[in-house]
Amino acid sequence: MDPAAADQLLADKLGIEVVDWTPARLVATMPVEGNLQPYGLLHGGANAVLAETVGSIAAALNAPEGKLVVGLELSCTHHRAARSGVVTAVCEPLHLGRSTSTFEIVITEESGKRTCTARLTCVAVDRAPGGAK
C-alpha cells in the first residue's frame with residue numbers, strides 16, 4: 001500500500017472492521033450510524049463499500065503468488081433496510097482461478113436478517129493500476 005494513502009482509506013471512514021479472516025471466509029462489521037441516506041436508512045453505497053472491502057481482502061488472501069488483485073465487477077441486491085446498530089458481512093469464495101476470483105458477500109443486520117447480497121469479481125494483475133508498486 002502507498003504509505004501516503006494509509007490515512008485515506010474509505011473503509012476507515014465508514015467504520016468497517018474486519019473481525020475474522022481466513023482464505024475461505026472473511027467477516028467484517030460496519031455501523032449503520034454515520035452511513036445513512038436521507039431517509040434514515042443504511043446507504044446502499046455503504047453496503048457496496050463493505051462488500052467490495054471484504055471481497056477485495058478475500059481476493060488478496062487467495063491471490064496467486066506475486067499478483068495484486070483489483071475489483072472487476074460488483075453487484076449488490078438490497079433486500080431490506082437497516083436503520084440502526086451494526087451490519088455484518090460474511091464473504092466466501094465462489095471461484096478461485098489463476099486470473100479471476102469471485103466472492104459472495106452476505107450482509108445481515110443484528111437480528112440476523114439478510115439486508116444485502118453482493119457478488120464481487122476481482123482480477124489478478126502483475127502490478128497495481130497507475131504504476132504503483
Side-chain angles (χ1 to χ4, degrees):
M1 176 192 313
D2 178 355
D7 64 345
Q8 299 182 48
L9 300 179
L10 183 57
D12 291 342
K13 294 179 184 341
L14 273 62
I16 295 171
E17 292 186 37
V18 176
V19 296
D20 188 30
W21 66 91
T22 68
R25 185 174 185 268
L26 192 130
V27 181
T29 60
M30 180 179 69
V32 174
E33 184 177 342
N35 295 313
L36 302 177
Q37 44 94 306
Y39 298 117
L41 310 174
L42 179 62
H43 196 291
N47 273 334
V49 171
L50 177 57
E52 183 139 2
T53 298
V54 296
S56 293
I57 294 170
L61 290 172
N62 287 285
E65 185 71 28
K67 298 283 188 172
L68 300 174
V69 292
V70 294
L72 184 63
E73 180 181 25
L74 175 65
S75 170
C76 298
T77 301
H78 306 287
H79 305 291
R80 66 175 39 244
R83 292 176 172 79
S84 63
V86 173
V87 292
T88 300
V90 177
C91 174
E92 295 180 332
L94 296 174
H95 166 76
L96 298 172
R98 287 178 296 169
S99 59
T100 63
S101 54
T102 301
F103 300 86
E104 179 181 60
I105 302 98
V106 174
I107 301 174
T108 57
E109 62 182 355
E110 288 177 337
S111 72
K113 292 180 180 175
R114 186 181 297 222
T115 59
C116 179
T117 303
R119 189 183 71 228
L120 175 69
T121 298
C122 291
V123 62
V125 296
D126 289 328
R127 59 190 186 110
K133 298 181 183 189

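Taking Ile, Leu, Val, Met, Phe, Trp and Tyr as members and joining any whose side-chain heavy atoms lie under 4.5 Å apart, directly or through other members, the hydrophobic cluster of Y39 also contains L41. Residue V106 shares its hydrophobic cluster (ILVMFWY side chains chained together at separations under 4.5 Å) with no other residue.
The only member of T108, T29, V32 that meets side chain to side chain contact (heavy atoms under 4.5 Å, CB included) when paired with V86 is T29.
Under a hydrophobic clustering in which Ile, Leu, Val, Met, Phe, Trp and Tyr are joined whenever their side-chain heavy atoms come within less than 4.5 Å, directly or via other members, V87 and V90 fall into different clusters. Using a 4.5 Å cut-off between side-chain heavy atoms of Ile, Leu, Val, Met, Phe, Trp and Tyr, with links allowed through other members, L9 and I16 fall into different hydrophobic clusters. Linking Ile, Leu, Val, Met, Phe, Trp and Tyr whenever their side-chain heavy atoms come within less than 4.5 Å puts L42 and L74 in one cluster. W21 and I105 fall within the same hydrophobic cluster, where Ile, Leu, Val, Met, Phe, Trp and Tyr residues are linked whenever their side-chain heavy atoms come under 4.5 Å apart, directly or through other members. Cluster membership for V18 and L10, using ILVMFWY side-chain heavy atoms within less than 4.5 angstrom, is shared.
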Ignoring hydrogens and angles, write down the donor-acceptor pairs under 3.5 Å from the side chains of residues 52-65, residues two or more places apart or on other chains.
from, atom 1, to, atom 2, distance (Å)
T53, OG1, V49, O, 2.7
S56, OG, E52, O, 2.8
N62, ND2, P23, O, 2.9
N62, ND2, A58, O, 2.8

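Counting only heavy atoms from C-beta outward, the side chains of L50 and L14 never approach each other to under 4.5 Å.
Rounded to the nearest 0.5 Å, atoms CD (E73) and SG (C122) are 11.0 Å apart. Atom CG of residue L96 and atom CZ of residue F103 lie 5.5 Å apart, to the nearest 0.5 angstrom. The NE2 atom of H95 sits 7.5 Å away from atom OG of S101, with the distance rounded to the nearest 0.5 Å. The structure places SG of C116 at 4.0 Å from CD1 of I107, a figure rounded to the nearest 0.5 Å.
Residues in residues 110-124 take part in these side-chain hydrogen bond (donor to acceptor under 3.5 Å, both in side chains) pairs, two or more places apart or across chains: H79-T117, T102-T121, E109-S111, R114-T117.
With sequence neighbours excluded, the residues that form a salt bridge (charged side-chain N to carboxylate O under 4.0 Å, His left out) with K67 are D126. Under the side chain to side chain donor-acceptor pair (under 3.5 Å) criterion, H43 pairs with no residue at all, not counting sequence neighbours.
Taking a 6.0 Å sphere around CD of Q37, one finds it holds more than 12 heavy atoms contributed by other residues, nucleotides or ligands.
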